[in-house]
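A short worksheet on the structure shown next.
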There are 2 protein chains.
Amino acid sequence: MTPSARPSSKKDIRRENEKLILEAAEKVFAEAGFGGATMQLIADMAGLPKANLHYYFPTKESLYRRVVQNIFHDWLMAADVFDAAPGPVEGLGAYIDAKMEISRRHPAGSKVWASEVMHRAPVIQDYLETTLVEWTEGRMAVVRRWIDEGKMDPIDPRHLLYMLWATTQHYADFGHQIETLNGGQPLSDTQWEAAKHSVKTVILKGIGARPSG
Amino acid sequence: MTPSARPSSKKDIRRENEKLILEAAEKVFAEAGFGGATMQLIADMAGLPKANLHYYFPTKESLYRRVVQNIFHDWLMAADVFDAAPGPVEGLGAYIDAKMEISRRHPAGSKVWASEVMHRAPVIQDYLETTLVEWTEGRMAVVRRWIDEGKMDPIDPRHLLYMLWATTQHYADFGHQIETLNGGQPLSDTQWEAAKHSVKTVILKGIGARPSG
DNA sequence: GTCTATAACCTGATAGAC
DNA sequence: GTCTATCAGGTTATAGAC
């Protein structure tokens with residue numbers, strides 16, 4: 001009865017099932033919103049009985065909280081490209097690429113975040129007030145440094161960040177509208193490249209980014 | 001018993017109550033989402049008994065449909081500034097101003113729209129496929145004309161429109177996040193002007209808009 | 001047109017056998 | 001750790017008196 005080397009230990013089962021549930025929950029919360037999502041729907045998509053969800057996550061809200069926390073973590077990871085860069089062309093260019101890629105690969109996560117914020121962040125307000133505030137101030141300092149060094153125009157760093165978030169996340173959050181305006185077809189590889197190129201072109205030129213070196 | 005000249009005729013009562021209900025519904029749907037909103041909550045906010053809502057709008061969905069239709073109508077109105085303009089500086093500048101003003105004055109409407117689209121437009125998909133497609137193609141033609149006339153750089157008109165929508169609506173849809181990052185305070189008049197200025201500066205320079213005349 | 005009472009339904013959560 | 005059965009609470013919608 002002791003767990004053998006290979007097959008699933010109890011910890012493995014827990015890890016596996018939690019992953020199944022969290023992936024299903026992200027999709028369902030994104031498509032239906034917190035209110036519209038039902039534990040039954042999530043259970044069906046995860047291929048587990050509804051009661052099992054309550055075994056791993058005591059309440060619907062605790063499950064939702066974990067989903068949003070995971071998304072928030074992914075968002076912050078995408079910002080590492082920002083710091084090491086010598087200037088805005090490299091730093092903002094890479095940041096836009098990274099955020100566009102997240103919008104493409106994980107649109108559900110972006111939607112859950114958007115929905116949470118639109119409803120006045122009932123679950124993750126503390127994260128907004130601590131982690132996000134700190135992160136934002138750190139990046140604003142980087143932008144100000146670039147401005148001081150003459151590497152870009154004196155654009156308000158705060159509103160520049162908002163433009164970056166807005167333009168990149170729009171491709172996830174409003175993906176359905178974009179798809180409809182694309183004749184009902186998802187964007188092709190070429191069209192995604194064109195989107196990235198357009199965003200980078202307009203923003204980098206718009207802030208007067210001067211290539212360093 | 002016939003309606004006198006001044007006081008409320010039955011039609012006036014209907015108009016008045018429908019307005020009360022629709023205003024309350026817009027706020028509640030924006031804050032709670034379709035699933036999270038309850039007819040009781042809307043009724044309380046409108047100051048009417050719940051049963052009266054069902055008298056004016058047979059179902060929750062029919063009420064929601066009217067709310068979204070009204071918002072969509074407002075959106076299209078904001079675009080009139082686009083056509084008559086001699087070039088992108090005037091046309092896009094005025095469009096950005098108009099959309100930013102809507103985000104400021106009617107954030108709830110913008111949120112309901114965003115939520116509807118994020119959930120794959122279950123109610124207004126037909127509008128997306130007809131009216132929005134036509135409107136978008138019309139504006140793209142205007143942008144292409146400006147490009148042909150050498151009034152701006154050859155930016156993909158489609159992605160330019162997405163950037164305009166994304167940046168302006170972000171101030172409504174993510175208003176709570178922006179407020180949190182502003183020390184918990186709503187943007188002041190001055191800050192709103194700075195926001196408009198930043199968006200216009202970056203985008204108009206970013207597309208290489210050349211003042212006409 | 002208004003409003004109370006209630007019907008019909010669904011959801012989150014739990015108990016308890018396996 | 002799994003799963004069936006079920007409870008308790010809340011929701012949309014309607015019936016029917018006023």
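Sequence lines set the chain letters: A, B, ... in the order given, protein chains first and strands last, and positions in each chain run from 1. What you see is a predicted model, and the numbers here were worked out from it, not measured in a lab.
Side-chain atoms of Pro49(A) lie closest to dT4(D) of the nucleotides dT4(D), dA13(D), dC3(C). Comparing dG1(C), dA13(C), dG1(D) by their nearest atom to the side chain of Arg14(A) picks out dG1(D). Nearest to the side-chain atoms of Ala51(A) among the listed nucleotides dT12(D), dA15(C), dG1(D) stands dA15(C). Of all nucleotides listed (dT2(D), dG1(C), dC3(C)), dT2(D) comes nearest to the side chain of Asn52(A). Counting only heavy atoms from C-beta on, Thr38(B) has its side chain closest to dT11(D) among dT2(D), dA15(C), dT11(D). Of all nucleotides listed (dT14(C), dT12(D), dG1(C)), dT14(C) comes nearest to the side chain of His54(A). Checking dT2(D), dG1(C), dT4(C) against the side-chain heavy atoms of Tyr55(B) singles out dG1(C) as nearest. Of the candidate nucleotides dG1(D), dG12(C), dG1(C), dG1(C) has the atom lying nearest to any side-chain atom of Lys10(B).
Following rounding to the nearest Å, Leu53(B) (CG) and dT14(D) (P) show an atom-to-atom distance of 13 Å. Taking atom CG on Leu41(B) and atom C1' on dT12(D), their separation rounds to 14 Å, with Å as the unit. At whole-Å resolution of the value, CD1 in Ile42(A) and P in dA13(C) are 11 Å apart. Whole-Å rounding puts the Gln40(B) CD to dA13(D) P distance at 13 Å. The separation between Met39(B) atom CE and dC3(C) atom C1' is 15 Å, rounded to whole Å. Going from atom CG of Leu63(B) over to atom P of dA13(D) covers 10 Å, rounded to whole Å. One interatomic measurement links the two molecules: NZ of Lys50(B) to C1' of dA5(C), which rounds to 11 Å at whole-angstrom precision. Whole-Å rounding puts the Leu20(A) CG to dG1(D) C1' distance at 15 Å.
One distance of note links CZ of Arg66(A) with CD1 of Ile71(A); it measures 12.0 Å at 0.5 Å rounding.
Using a 4.0 Å heavy-atom distance criterion, Tyr56(B) is classed as a sugar-phosphate-only contact. Using a 4.0 Å heavy-atom criterion, one finds that Ala37(A) contacts the sugar-phosphate atoms exclusively.
Looking at Arg139(A) and Asp83(A), their side chains come closer than 4.5 Å, going by heavy atoms from C-beta outward.
A donor N or O paired with an acceptor N or O is not found under 3.5 Å between the base of dA13(C) and the side-chain atoms of Lys60(A).
Taking the charged nitrogens against the carboxylate oxygens, Glu101(A) and Arg105(A) do have a contact shorter than 4.0 Å, which makes a salt bridge. In summary, Lys50(A) and Asp44(A) do not engage in a salt bridge, as defined by a charged side-chain N under 4.0 Å from a carboxylate O.
The cationic atom of Lys60(A) (NZ for Lys, CZ for Arg) lies less than 6.0 Å from the six-membered ring centre of Phe34(A) and within 45° of the ring axis.
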